[in-house]
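Per chain, numbering begins at 1; letters A, B, ... match sequence-line order. Because only heavy atoms are used, hydrogens play no part in the values below, and waters and symmetry mates are left out as well, while side chains stay in.
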Protein chains: 2
Amino acid sequence: MSNQLVVLDTVSGACCAPLADAALDAGQAETLAPMFKALGDPIRLRLLSMITSAQGGEMCVCDLTPAFDVSGPTISHHLKVLREAGLIEGDRRGTWVWYRPLPEAIRALAAVLK
Amino acid sequence: MSNQLVVLDTVSGACCAPLADAALDAGQAETLAPMFKALGDPIRLRLLSMITSAQGGEMCVCDLTPAFDVSGPTISHHLKVLREAGLIEGDRRGTWVWYRPLPEAIRALAAVLK
DNA sequence: CTCCTATCTAGATGAATTTCGAATCAGCTG
DNA sequence: CAGCTGATTCGAAATTCATCTAGATAGGAG
């Protein structure tokens, strides 16, 4: 049941002390960096903000794609990056795919910064 | 006196509403993404955490470099990325260069995430 | 002034990223 | 089943990135 490599507690969303309190060790940095990296693109940042602020708590790809000047496959790629970073999750419901945020992960990032 | 393109208020550290409150516009995303991108590397994340948690509020490059397995120029490069992202600043004092965090910028990122 | 140390800059290289069009897959509808 | 629409995957091109070595620059010590 226990996981020996828990760095990000998916229940509490906790991971590490705030930056100002203690330096991250290499393992914590390896866990957190890919999450920040996923936010390091303007399209992905807007995608996450649209999904996170959506009323109903989730958003259809069909509503995300037309908000950008890039192709559908490119949006799909960026959503995959956010998904693999553990920041969002999505599921198909019939014709459409809906994405919602994973708030514990986002909270963990916020906690490290402050 | 007023600046028409202020996205990040360097006095208050404010920038944008939390992700959950409103979607970022393209301009805000273009401003914030490079800052998150700078955090998207494990070495840079550790550098920032070491600098930010340093007692005295600043840290010498000579104490940062030996904590990593990469060459001096590589550390110098990563410090430059953090500097250009507006997350840290540094100055030479005699032989050594000292870096300290820019807390308004870090607070702005934290505010967006929560 | 000359040497030594700390840091940064320049240039090169291999790996990763962004993006697209084409092809594929999932599920509806007639 | 055949055809349509939404979304993802695939493969390729252009760009960016992390890292190194070598060399430059800044400042202190003899």
Side-chain angles (χ1 to χ4, degrees), chain A residues 24 26 29-48 50-51 54 56 58-101, chain B residues 24 26 29-51 54 56 58-100:
Chain A
L24 298 168
E30 294 282 349
T31 299
L32 292 168
M35 303 172 72
F36 283 118
K37 188 175 193 176
L39 299 181
D41 179 277
I43 292 180
R44 287 197 292 267
L45 205 45
R46 288 177 63 199
L47 284 169
L48 182 66
M50 290 171 75
I51 293 167
E58 58 185 1
M59 201 152 181
C60 175
V61 174
C62 62
D63 289 325
L64 293 167
T65 303
F68 298 89
D69 284 338
V70 298
S71 68
T74 297
I75 295 298
S76 198
H77 160 74
H78 285 303
L79 288 169
K80 184 181 188 178
V81 172
L82 289 169
R83 221 186 314 124
E84 290 178 343
L87 294 168
I88 61 175
E89 66 177 2
D91 66 307
R92 176 178 287 273
R93 289 214 280 285
T95 305
W96 295 285
V97 174
W98 296 81
Y99 279 97
R100 62 202 147 276
Chain B
L24 298 168
E30 295 281 348
T31 299
L32 292 167
M35 303 172 71
F36 282 118
K37 189 176 193 173
L39 299 181
D41 179 277
I43 291 179
R44 289 197 293 268
L45 204 45
R46 286 177 65 198
L47 284 169
L48 182 66
S49 76
M50 289 171 75
I51 294 167
E58 58 186 2
M59 202 150 178
C60 175
V61 175
C62 60
D63 289 325
L64 293 167
T65 304
F68 298 88
D69 283 338
V70 298
S71 68
T74 297
I75 295 298
S76 198
H77 159 73
H78 285 304
L79 289 169
K80 183 181 187 179
V81 172
L82 289 169
R83 223 188 310 126
E84 290 178 344
L87 295 169
I88 61 174
E89 67 179 0
D91 66 304
R92 176 180 286 273
R93 288 211 283 285
T95 305
W96 296 282
V97 175
W98 296 80
Y99 279 96
R100 58 198 149 278

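- Shown for residues 66-76 of chain B: residues whose heavy atoms fall under 4.0 angstrom of DNA chain D, namely B:Val70, B:Ser71, B:Pro73, B:Thr74.
- Screening residues 84-93 of chain B for side-chain hydrogen bond (donor to acceptor under 3.5 Å, both in side chains) gives B:Glu58-B:Arg93, B:Glu89-B:Arg100, B:Asp91-B:Arg93, B:Asp91-B:Arg100 as the qualifying pairs, with residues at least two apart or on separate chains.
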Using distance only, find each side-chain donor-acceptor pair of residues 61-72 of chain B under 3.5 Å and give its atom names and separation, not counting sequence neighbours.
residue : atom : partner : partner atom : Å
B:Thr65 : OG1  : B:Val61 : O            : 3.0
B:Ser71 : OG   : B:Thr74 : N            : 3.4
B:Ser71 : OG   : B:Thr74 : OG1          : 3.1

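- Remark: B:Ala54 engages B:Met59 in a side-chain contact (heavy atoms from CB on, under 4.5 Å) (not counting sequence neighbours).
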Whether each nucleotide of nucleotides 24-30 of chain C has a protein heavy atom under 4.0 Å at its base (B), only at its sugar-phosphate (S) or at neither (-) is summarised, 5' to 3', as --SSS--
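- Counting only residues at least two apart or in different chains, side-chain hydrogen bond (donor to acceptor under 3.5 Å, both in side chains) contacts with residues 34-46 of chain A comprise A:Arg44-A:His78.
- Residues satisfying the side-chain contact (heavy atoms from CB on, under 4.5 Å) criterion with A:Ala85, sequence neighbours excluded, are A:Ala38, A:Leu87.
- Summarising the geometry, the separation between CZ on B:Arg46 and P on D:dA18 is reported as 16 Å, rounded to the nearest angstrom.
- Nearest heavy atoms, A:Pro34 versus A:Ala29: CD-O, 4.3 Å.
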Would A:Ile75 and A:Ile43 satisfy side-chain contact (heavy atoms from CB on, under 4.5 Å), going step by step from the backbone distance to the final call? CA-CA 8 Å; A:Ile75 295 298; A:Ile43 292 180; 4.2 Å; yes
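- Of the candidate nucleotides C:dC8, C:dT9, C:dA6, C:dA6 has the atom nearest to the side chain of B:Trp96.
- Looking at heavy atoms from C-beta onward, A:Leu47 lies out of side-chain contact with A:Ile88 at the 4.5 angstrom threshold.
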Using atom names, set out every protein N or O paired with an N or O of nucleotides 13-17 of chain D below 3.5 Å, distance rounded to 0.1 Å.
residue : atom : partner : partner atom : Å
D:dC17  : OP1  : B:Lys37 : NZ           : 2.9

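- A close approach under 4.0 Å does occur between a side-chain nitrogen or oxygen of B:Tyr99 and OP1 or OP2 of C:dC8.
- Out of C:dC8, C:dT7, D:dA7, the shortest distance to the side chain of B:Arg83 is found at C:dC8.
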